[in-house]
Amino acid sequence: MAALPDFVKAIALNNKLDESKDFATHVQRALVQKLAGTDGSVKDLGVKQAPFVVLIGQRCPACWPRFPS
């Protein structure tokens with residue numbers, strides 16, 4: 001019974017990761033679609049997942065869009 005809070009925390013973290021990936025995928029598709037209309041050379045490089053410091057500790061789904069320079 002003592003491990004219950006750890007299980008709940010793990011489930012919540014996993015759900016947040018799934019929601020963040022879904023959100024990032026939606027943002028990625030929208031950006032690529034919008035930018036491809038103005039620049040035909042835009043490539044969809046997909047969504048990456050990593051423990052970015054700026055996203056750690058977020059309480060809601062989050063993503064960090066990056067653009068090639």
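Values reported hereafter were calculated over all heavy atoms of this structure, with side chains retained and with hydrogens, waters and symmetry mates removed.
Contact between C60 and S20 at its shortest, heavy atoms only, is O-OG, 4.5 Å. Contact detail for C63 and A24: the closest heavy-atom pair is CB-CB, 3.7 Å.
Judged as a side chain to side chain contact (heavy atoms under 4.5 Å, CB included), and not counting sequence neighbours, A30 has no contacts.
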Donor-acceptor pairs under 3.5 angstrom involving side-chain atoms of residues 40-47: please list them, not counting sequence neighbours.
{"from": "S41", "atom 1": "OG", "to": "D39", "atom 2": "OD1", "distance (Å)": "2.7"}
{"from": "S41", "atom 1": "OG", "to": "D39", "atom 2": "OD2", "distance (Å)": "3.4"}
{"from": "D44", "atom 1": "OD1", "to": "Q28", "atom 2": "NE2", "distance (Å)": "2.8"}
{"from": "D44", "atom 1": "OD1", "to": "G46", "atom 2": "N", "distance (Å)": "2.9"}

